[in-house]
There are 2 protein chains.
Amino acid sequence: MAAKRSSVAGKRPRRTGASPRSAQEPPLSLERIVATAVELLDTHGIDGLSMRRLADRLGAGAMSLYWHVDSKEKVFDLALDSVLAYRESQTAGFQDWREDVVHMLEDWRACMQRHPWSASLLPRRALGPNILGRLEQLSKTLSEAGVADADLNAGIWSLWNYVMGATVTRGSFDLSDDDRAAAQRRLTDLSRLYPTIERSRLLLDDDWDGAFRKGLDFLLDGIAPRP
Amino acid sequence: MAAKRSSVAGKRPRRTGASPRSAQEPPLSLERIVATAVELLDTHGIDGLSMRRLADRLGAGAMSLYWHVDSKEKVFDLALDSVLAYRESQTAGFQDWREDVVHMLEDWRACMQRHPWSASLLPRRALGPNILGRLEQLSKTLSEAGVADADLNAGIWSLWNYVMGATVTRGSFDLSDDDRAAAQRRLTDLSRLYPTIERSRLLLDDDWDGAFRKGLDFLLDGIAPRP
DNA sequence: GCACTTGATCGTACAGCGTACGAGTGAATC
DNA sequence: GATTCACTCGTACGCTGTACGATCAAGTGC
């Protein structure tokens, strides 16, 4: 069971194995597999990724993937974490800790927005290095800002939850133009049932970025250490 | 295409059709299908629901389901919304609007916690009546509490996102005892990489309810109308 | 040069999936 | 008695993830 390969790739390239492939096709590697999986996910969505398709794109046989990877699940986990790579310098070091947090979380959200399938992968137990790294960064920033120890974990989690929720919600509520028209019609029909929603145009408003920022401010108002 | 049945069930029961089933087996109905799907999801998880299995449990042939339901996707949508049924009276009418909101959102979260598979279904475009109803209730409460119009939608979304995120996060971070031990070990190993996380025991803390409540308070602090 | 191990690839096969299609059934209606 | 309607279901197709074992190239020990 499990892959035969140890977690790290062998050092020497060891000229490619049995494959009589198109001669100069590069050999399989975890990196190539993950990168191609992301490609496939981006273009064909979460149902468009199958092991056979993935292997095809790599010019390999389907079962060859399993030497590098335990299972399809693992491919998903790796794809998710790979998409969340980050450079610390980009998102920290401003004057204000609030600004730091906003940058970090907006960047996180932007990453996931670029790869809409990633939201579907969130409810899985995947703590890759990038996810943990971002958590650490957030945690450190809040801690240094002077948030009380008793509030620290709750603060981290609430920010975290907020970002997760925003990306998940966006996936389910961001409507295509057709959907929008249909929703408009349906909502008008149903304005008796949902008058407040209808009046505020909650479902039709599409300033997601603005709303995200505003909600973040609400949250930070509550988290900020009291004088 | 699509189901031949119109959205509402026929009025007369019209004694059961061709099926030579075990005689007094009740006939198929949308309600029975959805209820059984939820059962199956609860016991076997999201991958445990297949149309064949579902039909088996109902004492029917697999293809019979498709007269009542467009596709498996639809079953998911219906199952999700059915689990989110609510009674308005249970979650509103307290003195304080904040208390109302807390009750509503804690109830929402509890519903989803009872059916862990529901978190995986969130990133889909499913606006069932129960989801919309709860949104409406939240929206109305905030509006009546005097939240400024300009802040209203952002407030609703941020609360919404927070709850969504909390249920999704819980799914991915709530560890079994074995996991917990492994994480403990791994985290200690990696405490160089993630010192702040390690020190705050962020991943080991399991007072989810408390943290949820606390984060909600942070958010409500920010949303509350200023005097 | 030869046997053997190791790293990597792949073909075949299996069980299961969602569902298109069309046939079949009994009751209601004309 | 013929027709229509509401509903059920068997078969079949193309697809899925992956277990198993065969295969081959390069490296190692003699």
Side-chain angles (χ1 to χ4, degrees), chain A residues 1-33 37 40-41 44-77 79, chain B residues 1-23 25-33 37 40-41 44-77:
Chain A
M1 60 287 310
K4 296 106 206 170
R5 187 168 95 130
S6 63
S7 59
V8 180
K11 283 298 149 62
R12 305 163 257 76
R14 223 180 191 289
R15 293 318 321 141
T16 165
S19 151
R21 285 202 307 271
S22 59
Q24 67 270 41
E25 189 99 48
L28 278 180
S29 73
L30 198 55
E31 294 72 27
R32 253 174 39 91
I33 290 176
L40 220 42
L41 285 165
H44 293 86
I46 200 147
D47 292 328
L49 177 64
S50 82
M51 294 305 265
R52 276 174 247 254
R53 250 221 257 205
L54 180 52
D56 267 6
R57 279 238 179 166
L58 289 159
M63 291 312 292
S64 307
L65 301 178
Y66 285 87
W67 195 86
H68 300 268
V69 150
D70 282 354
S71 65
K72 190 188 182 184
E73 297 280 291
K74 203 76 187 177
V75 177
F76 276 137
D77 291 348
Chain B
M1 62 273 331
K4 297 102 205 173
R5 188 169 95 130
S6 63
S7 60
V8 180
K11 281 301 149 60
R12 305 163 258 76
R14 221 178 190 289
R15 294 316 322 140
T16 165
S19 152
R21 283 203 306 271
S22 59
E25 190 99 47
L28 239 44
S29 73
L30 198 56
E31 293 72 27
R32 253 175 38 91
I33 290 176
L40 219 42
L41 285 165
H44 293 86
I46 201 147
D47 292 328
L49 177 64
S50 83
M51 295 303 267
R52 278 174 243 253
R53 249 220 258 204
L54 179 52
D56 267 5
R57 278 238 179 166
L58 289 159
M63 291 312 292
S64 306
L65 301 177
Y66 285 87
W67 196 86
H68 301 268
V69 150
D70 282 353
S71 65
K72 189 188 182 184
E73 298 280 290
K74 203 77 187 178
V75 176
F76 277 136
D77 290 348

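Heavy atoms only: backbone and side chains are in, while hydrogens, waters and symmetry mates are out.
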Quick test: give all pairs of protein nitrogen or oxygen and nucleotides 11-13 of chain D nitrogen or oxygen below 3.5 Å, distance rounded to 0.1 Å.
none

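When heavy atoms are screened at a 4.0 angstrom cut-off, B:Leu49 is found touching the sugar-phosphate backbone but no base atom.
As rounded to whole Å, 12 Å separates atom P of D:dT16 from atom CE of A:Met51. Nucleotide C:dT19 holds its C1' atom 15 Å from the CG atom of A:Asp47, rounded to whole Å. Put simply, CG on A:Asp56 is 14 Å from C1' on C:dG11, counting in whole angstrom units. The CD1 atom of A:Ile46 sits 12 Å away from the P atom of D:dG17 (whole-angstrom rounding). Atom pair A:Lys72:NZ and D:dT18:C1' shows a separation of 12 Å (rounding to whole Å applied). Note: CZ (B:Arg32) to P (D:dC7) measures 14 Å, nearest angstrom.
B:Arg53 is linked by a side-chain hydrogen bond (donor to acceptor under 3.5 Å, both in side chains) to B:His44, counting only residues two or more places apart in sequence or in another chain. Under the side-chain contact (heavy atoms from CB on, under 4.5 Å) criterion, A:Met51 pairs with A:Leu65, A:Tyr66, A:Lys72, A:Val75, not counting sequence neighbours.
The side-chain heavy atoms of A:Leu28 and A:Trp67, taken from C-beta on, include no pair separated by under 4.5 Å.
A close approach under 4.0 Å does occur between a side-chain nitrogen or oxygen of A:His68 and OP1 or OP2 of C:dT9.
In this structure, CG on B:Leu40 lies 7.5 Å from OG on B:Ser50, to the nearest 0.5 angstrom.
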